[in-house]
Engineer: 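Got a structure for you, written out below as structure tokens; questions coming shortly.
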Protein chains: 2
Amino acid sequence: MQLMSEKSAAEGGLRERKKRATRAALAEAAVRLAAEHGAEKVTVEAISAAAGVSVRTFFNYFDTRDDAFVVIDAEAGARMRRAVVEAPAGLSPLEALREAMAAELAEAEQQHELWRLQAEVLHASPHLLARGVGAHRAAEEDLADAVAERLRGAGGTGGSGPGSEPGLYPRLLAAVASVAVRTSMDHWSAHQEEAAFLDVFREVFTLLAAGLPAPSA
Amino acid sequence: MQLMSEKSAAEGGLRERKKRATRAALAEAAVRLAAEHGAEKVTVEAISAAAGVSVRTFFNYFDTRDDAFVVIDAEAGARMRRAVVEAPAGLSPLEALREAMAAELAEAEQQHELWRLQAEVLHASPHLLARGVGAHRAAEEDLADAVAERLRGAGGTGGSGPGSEPGLYPRLLAAVASVAVRTSMDHWSAHQEEAAFLDVFREVFTLLAAGLPAPSA
DNA sequence: TGCATCTTTGCATACCATGCAACTTATGTC
DNA sequence: GACATAAGTTGCATGGTATGCAAAGATGCA
């Protein structure tokens, strides 16, 4: 048992780094090829070839061909979970989720070109959007748990037992937050010139916090 | 131009009725088999055999194997669209959506056993939930259009069908509503004894309309 | 009845996805 | 540095998913 913390980029031994590199290469190849030829026309074989590995290896990294277009960072879920639990006490659950996701998305947006390409790909192939970012089911469950844990910690009783199923409220919150991400991406990719992505994202949360009233003007 | 209205069940010629019957048989077979053996273990061949058609015919009705578990009524989207547009003027967009969906869901719930089975299947195979009911992308687009039209139509502008792209608000509303359905189903299928489905559904919309505040106590 | 149209079906083909066994590459120890 | 072990990669075999095409079977209508 070593006390390493291997969080982000260049941590771990050669093995770990190679794995990360391979995964990233596959994901990037998938997005680039999809942006160029359309997601439907991109075969696993093409992705694997572009990343320099065998087809079989592709499936060691992704359960499904479509996952390669969607999952850019596999550890984002865990980070968001922590961010939600540890967010300042003054924030509402919705705000805590917003900030956790905004931080994550801001980081993803650093790789500007790739991010933009991915948004285009997802916009062009809506069924991929359904899996988008937080939609990855595991991440959503994680978020629901995180919300439940946060509520327990604050003294309120919104969740149920410690390890058991999260209640209706945390579940709904996680689902809504994840749908907020994909709606933002979808809308933004259709209006990339007009507004920055994170602004769209925050506007969505503003609408949600206001209870989705009819736009007055 | 004939003035037929062929809306619901027994309308149309023999051809239409047979097609509806085949589709329904396939969907029902899919759900029953999935409830019994688990969705992953059910092959298209088995579904087709149970419905008494060839495998090739299955794919004439559904684009994807998974669609058979999810799409119970193909015309629900169109009906909801109309319901949203024609809802009483006093209702907010969110309320209009809630009522349109509630009506649709109430009808689906008539076929009690099948509905319950489907909820179980979707709960057991979360990735199917991602496509759940309204998640079928076309339906969501339809809903977004309907909301947009409703907002425009408040002034009585006729003619224009589904205009250009719906804005951020209609899109978000449709996405949230569809996620509300699947969250309700998911939660309900885990607590079937405690509450009626439609009550869970309405509670979800209450939370949404309130802006998802932290549960006070 | 007979023709036009739509639907179903089998066949061929290509891609997706998984299990298994052989092979190659890192890691830690002596 | 060499060795044993664990981990990752690869090819192969297999079975399920999905689409195009053309022939055969129903249906609608005159």
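Note on naming: letters A, B, ... go to the chains in the order of the sequence lines (proteins, then strands), and numbering restarts at 1 for each one.
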Engineer: C/dA17 C1' sits how many Å from B/Asp66 CG, rounded?
Structural biologist: 14 Å
Engineer: Just grab all the side-chain hydrogen bond (donor to acceptor under 3.5 Å, both in side chains) pairs involving residues 44-59 of chain B, residues at least two apart or on different chains.
Structural biologist: B/Ser54-B/Thr57, B/Arg56-B/Asn60
Engineer: Measure from CZ on B/Arg20 to C1' on D/dT27 and round the result to the nearest Å.
Structural biologist: 15 Å
Engineer: With sequence neighbours left out, write down each residue that passes side-chain hydrogen bond (donor to acceptor under 3.5 Å, both in side chains) with A/Thr22, or none if nothing qualifies.
Structural biologist: none
Engineer: When the distance from CZ of A/Arg65 to C1' of C/dT18 is rounded to whole Å, what number comes out?
Structural biologist: 18 Å
Engineer: Could you work out, with side-chain hydrogen bond (donor to acceptor under 3.5 Å, both in side chains) as the rule, every residue matching B/Glu107, not counting sequence neighbours?
Structural biologist: none
Engineer: How does protein contact run along nucleotides 6-14 of chain D, one letter per nucleotide 5' to 3', with B for base contact, S for sugar-phosphate only, - for none, heavy atoms under 4.0 Å?
Structural biologist: BBSBBBB--
Engineer: Looking at residues at least two apart in the chain, or sitting in another chain, which of them share a side chain to side chain contact (heavy atoms under 4.5 Å, CB included) with B/Ala76?
Structural biologist: B/Asp73, B/Arg79, B/Glu104
Engineer: Between B/Glu109 and B/Arg116, is there a side-chain N and carboxylate O pair less than 4.0 Å apart?
Structural biologist: no
Engineer: Write down the distance between CZ (B/Phe62) and P (D/dT19), rounded to a whole number of angstrom.
Structural biologist: 14 Å
Engineer: side-chain hydrogen bond (donor to acceptor under 3.5 Å, both in side chains) with B/Arg15: which residues, sequence neighbours excluded?
Structural biologist: none
Engineer: With sequence neighbours left out, what residues match A/Glu86 under salt bridge (Lys or Arg N to Asp or Glu O under 4.0 Å)?
Structural biologist: A/Arg82
Engineer: Can you list everything that forms a side chain to side chain contact (heavy atoms under 4.5 Å, CB included) with A/Leu207? Sequence neighbours excluded, please.
Structural biologist: A/Leu212, B/Tyr169, B/Leu172
Engineer: Take atom CG of B/Asp63 and atom P of C/dC16, then tell me their distance rounded to the nearest Å.
Structural biologist: 17 Å
Engineer: Only pairs at least two apart or in different chains count here, so list each side-chain hydrogen bond (donor to acceptor under 3.5 Å, both in side chains) that has a residue in residues 26-44 of chain A.
Structural biologist: A/Glu28-A/Arg32, A/Arg32-A/Glu113, A/Glu40-A/Ser125
Engineer: Does B/Thr64 make a side-chain N or O approach to OP1 or OP2 of D/dA18 shorter than 4.0 Å?
Structural biologist: yes
Engineer: Between C/dT24 atom C1' and A/Leu14 atom CG, what is the distance in whole Å?
Structural biologist: 14 Å
Engineer: Rounded to whole angstroms, how far apart are NZ on B/Lys41 and P on C/dA17?
Structural biologist: 18 Å
Engineer: Rounding to an integer number of Å, can you tell me how far A/Glu40 CD sits from C/dA14 C1'?
Structural biologist: 15 Å
Engineer: Return a table of donor-acceptor pairs under 3.5 angstrom between the side chains of residues 192-199 of chain A and protein atoms on other chains or two or more places apart.
Structural biologist:
none

Engineer: Would you confirm whether A/Arg150, through its side chain, and A/Ala87, through its main-chain N or O, come within 3.5 Å as a donor-acceptor pair?
Structural biologist: yes
Engineer: Given axes from five pairs at either end, by how many degrees does the helix from C/dT1-D/dA30 to C/dA22-D/dT9 bend, rounded to 10°?
Structural biologist: 20°
Engineer: Between residues 43-51 of chain A and DNA chain C, which residues have a heavy-atom gap below 4.0 Å?
Structural biologist: A/Thr43, A/Val44
